[in-house]
Structure formats: structure tokens, C-alpha cells
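A short write-up of the structure that comes next.
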Amino acid sequence: MAEGRVAYPGGMTHAMSTTLVADDRCWQAVLAHDAAADGEFVYAVRTTGVYCRPSCPSRRPKRASVTFFAGPDAAEIAGFRECRRCRPRGGRPVPAGLADVRRACTYIQAHADETLTLARLAAHVGASPFHLQRTFVKLVGISPRAYQDAVRAARFRDGLRQGTPVSGAVYDAGYGSISRVYERMPTGRGMTPATYRRGGKGMALRYTIVDSPVGRLMVAGTERGICSVKLGDRDERLEEDLRREYPEATVSRDQQALTTWVRTLLAHLDGRVAHLDLPIDVQATAFQWKVWLYLQSIPWGETRAYSEVARAIGEPSAVRAVARACATNPVCLVVPCHRVVQKGGGLGGYRWGTRRKRALLQTENSDSGKPSGLAKAER
């Protein structure tokens, strides 16, 4: 990474994070110099350190060098500079405090495994704690502490995906102990148990339902992340299920809401996006988080037996509890519980039907270059 360049941690809930990275439509717009996409996003080229409009007349870069951002502010916080040819800002001034926020993000990245106080961060930047906190939240969408949590969480998930044992990934990411991992909920910020027990009272949920290769897909979320992903055949049944789960919340259907999350999930189902790293806002026990974190580390095209999952999380006798955690997963696909199968190679149960589970696994196996059918569960 170039000096001064900020790597946004995956799964951040604000639009200024790199949630558009996986969207192939953005890349197609860049290839086509599509002026209609100007203002929807900008693309940054890591090899040059410059960000551009989709319609920029400059030579197209290699896809591997491109990162998408929701707008100029996000790109500049990440350390990229405006293209002098296409001028994505359109003459609009740089927001006050952006340079301070960029320095703060860089410092957090470098010291994510340490205890960082707001006072220490403000002293490094050269601003008052109050001013830095307010500006950081305004431009990034989350607090400096939440940003540090996201950095640690991204490193923890990366460690698991690379095959690092859970205990090693815990300390490499800077958590200090396994219990701290589940206190900080690195798969998402997580609603409080009290809020969930009250049926979501005081919460505002928006949802959308779209067609997918495995039936109707419902995605519901709060301002903090996805709280429900459901599959079914009838919209009415999906809506009833959501309202039953959150009877006291303000629930509204909005087909324009959650667009980025829905597009990413559809791209995942089509085999265009192998790994999902989306923000989650659900309430769960420490054991459930432990299971779900491990499920998110199972690579595309592979499966695990329930007993393998139990051993991997350090609870070899908790096979039935693992099965319950899979069955109660409220965000299917985001937490890929369909990748957990029976030890003998059978599909096992699936809340949304074994037909859908088989279809999901066959898609993943074929797209990963493996023969159609279940991947071997026990190695």
C-alpha cells in the first residue's frame, strides 16, 4: 500500500466504505465511459493514486487495480487525489477536516491492535477531541472507535479465511482474548439484546423483495446493517415472517432501499461475487457469533460437517448446538449456513428448504471448478 493510503476495512456500514467494490455494474460503466453513471460513484486506481468519474476519457486501468467509492470524499479520505482531466468534484470544495480524518484513519490502521483513546488520536492529528470526533463521524459515518473495531474485524476475518487458527487470528487482529472477539461482534455492530427482546421497539426497518435464482429474496436492514435475509416463494409470507420477528419495529417496504446490499447478494447468487463482506445488525449469543464467524470463513465451493465446525470453534461436543446456531441464522447467504452439511455427505437441514440448499451448493461447486454436487465434508 502506498504511504498515506487508507485501506477501508470491509463491512463498514456507511456508504463511504468500499461496499461497491464487488459490483460488476460499476466496472461495466467504467469500461463503457458511461456518463449516465457520473455522480453515482467514482473509481480509484491504486497504481496511480488518482480517482475518476466513470466517463473519464483516460485509458482504462486493469480491473485488479480499481477500487470503487460512493463519492469523492470517500476516495480522498482513502488517500486518492482528484483526476485533473475529468474533475470528479466538479469544482465543489473539499470538506473541512478531511485531511485530519485521513490522518486519523491512517493512524488507526497502523495502531489497530493497541488501546487508542480519542485524546491520543486527536493529539496525533493536531485537533481537539470534540472536533475530531464530530468531523470523523460526519465524513466517515462512524466514530473512530467503531472504525478501529472494523479494522480489527476485517483482519480477524482475513486471518480465518487464510487458514489461521481461531486463537491465532484473535491475537493477530489485536483483540487480546477470545472473549473480546465476541464482545466486539466482528461480523457486525449487532443490536442489543434489550432491543431485540422488545421486538425491535424504536427501530426503523426497511426491506425490499426481489427475484433471485433461488426464489424471492428479502433483504431487510437498519441504518447499521442487514438484520434479515430470507428466501421464499410468496412475498406475503416473507413479510409476515419479518413483522413477526420485529413486531414493535417500524417496518416499511422500499424497493429503492438497500440497493448496494441487494445487488451484491444477487451477484453472489449468480456466481460473480464469491465472498460476501456485508454489515450485520442482529442480536445473538456469544456462541452464535462464534459459529457464524467460522461459517463466514468457509471458502466458496467448500462445505464443512457440523462436527468439523464444532471442533474448529473449540467446542467438539457441541455439534447439536452448532446445528441450532445454523438453523437460527437470520441472515442466510451473508452467513453461509448452507455450507454446513452432514458428516456422511448428506445435505442436512436448511430453513429455506433442501431444494434451495442443493441449488446453492451446486452453483458454488460448479463455479469453483469442482464437479456438480456436494464438496467433500470430511477431509
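The analysis underlying the following values was restricted to heavy atoms, covering all of them including side chains, and did not include hydrogens, waters or symmetry mates.
- Using a cutoff of 4.0 Å between basic side-chain nitrogens and carboxylate oxygens, Glu245 and Lys230 are scored as salt-bridged.
- From His338, atom NE2 reaches atom CG of Asn329 across 10.5 Å, with rounding to the nearest 0.5 Å.
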Audit row: Arg60, His33, side-chain contact (heavy atoms from CB on, under 4.5 Å) steps and yes/no:
CA-CA 9 Å; Arg60 300 294 88 170; His33 298 265; 3.2 Å; yes

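- The side-chain heavy atoms of Lys290 and Glu315, taken from C-beta on, include a pair separated by under 4.5 Å.
- Panel note: side chain Thr328, backbone Arg324; a donor-acceptor pair is recorded below 3.5 Å.
- Donor-acceptor pairing under 3.5 Å is lacking for the side chains of Arg311 and Tyr306.
- The 12-atom threshold is not exceeded at CZ of Arg237, counting heavy atoms of other residues, nucleotides or ligands nearer than 6.0 Å.
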Pair Val335-Leu276, side-chain contact (heavy atoms from CB on, under 4.5 Å): steps then yes or no:
CA-CA 9 Å; Val335 174; Leu276 291 176; over 6 Å; no

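- The CZ atom of Phe136 lies 11.5 Å from the CG atom of Asp100; values are rounded to the nearest 0.5 Å.
- A heavy-atom distance below 4.5 Å is found between the side chains of Val282 and Trp289.
- Between the side chains of Thr208 and Arg253, no donor-acceptor pair is found at a separation under 3.5 Å.
- Residues Thr106 and Gln109 fail the side-chain proximity criterion, which asks for heavy atoms closer than 4.5 Å.
- With contacts defined as side-chain heavy-atom distances shorter than 4.5 Å, the pair Val229/Met218 does not qualify.
- Using a cut-off of 4.0 Å between Lys/Arg side-chain N and Asp/Glu carboxylate O, Arg89 and Asp73 are scored as salt-bridged.
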Assess the residue pair Asp241 and Arg234 against the criterion (salt bridge (Lys or Arg N to Asp or Glu O under 4.0 Å)); give the C-alpha distance rounded to whole Å, side-chain angles, the decisive distance to 0.1 Å, and a yes or no.
CA-CA 11 Å; Asp241 197 24; Arg234 296 172 50 196; over 6 Å; no

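- No salt bridge links Arg216 with Asp233; every basic N to acidic carboxylate O contact stays at or beyond 4.0 Å.
- Of the possible donor and acceptor atoms, none in the side chain of Arg320 sits under 3.5 Å from a partner among the backbone N and O of Ala323.
- Here Leu333 contributes atom CG and Leu360 contributes atom CG; the two are 6.0 Å apart, rounded to the nearest 0.5 Å.
- Atom CZ of Arg339 and atom CD of Gln296 lie 9.5 Å apart (nearest 0.5 Å).
- Put simply, the side chain of Arg356 gets close to the backbone of Gly232: a donor and an acceptor are under 3.5 Å apart.
- Of the options Arg81, Glu76, Glu82, a side-chain hydrogen bond (donor to acceptor under 3.5 Å, both in side chains) to Tyr51 is made by Glu76 and by none of the others.
- Annotation: side chain of Val45 is not in contact with side chain of Cys52 (no heavy-atom distance under 4.5 Å).
- Checked against a 6.0 Å centroid threshold, the rings of Phe68 and Phe41 count as neighbours.
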Show, in sequence, the C-alpha distance, side-chain angles and deciding distance for Lys62 and Thr47, and conclude whether the side-chain contact (heavy atoms from CB on, under 4.5 Å) test is met.
CA-CA 10 Å; Lys62 294 181 179 180; Thr47 52; over 6 Å; no

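- The CD1 atom of Ile280 sits 11.5 Å away from the OG1 atom of Thr222 when rounded to the nearest 0.5 Å.
- Between the Ser297 side chain and the Tyr294 main chain, a donor and an acceptor come within less than 3.5 Å of each other.
- Between Asp270 and Arg263 there is no salt bridge, since no side-chain nitrogen of the basic residue lies less than 4.0 Å from a carboxylate oxygen of the acidic one.
- Every ring pair (Phe, Tyr, Trp, His ring centres under 6.0 Å) that Tyr107 has, sequence neighbours left out, goes to His111, His124.
- Legend: residues meeting ring pair (Phe, Tyr, Trp, His ring centres under 6.0 Å) with His268, ordered by chain and number and at least two apart, are Trp300.
- A side-chain donor-acceptor contact under 3.5 Å links Trp292 to the backbone of Ala325.
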Run the side-chain contact (heavy atoms from CB on, under 4.5 Å) check on Leu231 and Leu217 step by step: do they pass?
CA-CA 5 Å; Leu231 297 170; Leu217 169 70; 3.7 Å; yes

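- Between Glu114 and Arg120, at least one side-chain nitrogen of the basic residue sits less than 4.0 Å from a carboxylate oxygen of the acidic one, meeting the salt-bridge criterion.
- At a threshold of 4.5 Å between non-hydrogen side-chain atoms, the residues Gln133 and Leu118 count as touching.
- In this structure, Lys357 contributes its side chain and Leu347 its backbone to a donor-acceptor pair below 3.5 Å.
- By the 4.5 Å heavy-atom criterion applied to side chains, Leu205 and Thr250 are not counted as neighbours.
- Going from atom CD of Glu308 over to atom OG1 of Thr303 covers 7.5 Å, rounded to the nearest 0.5 Å.
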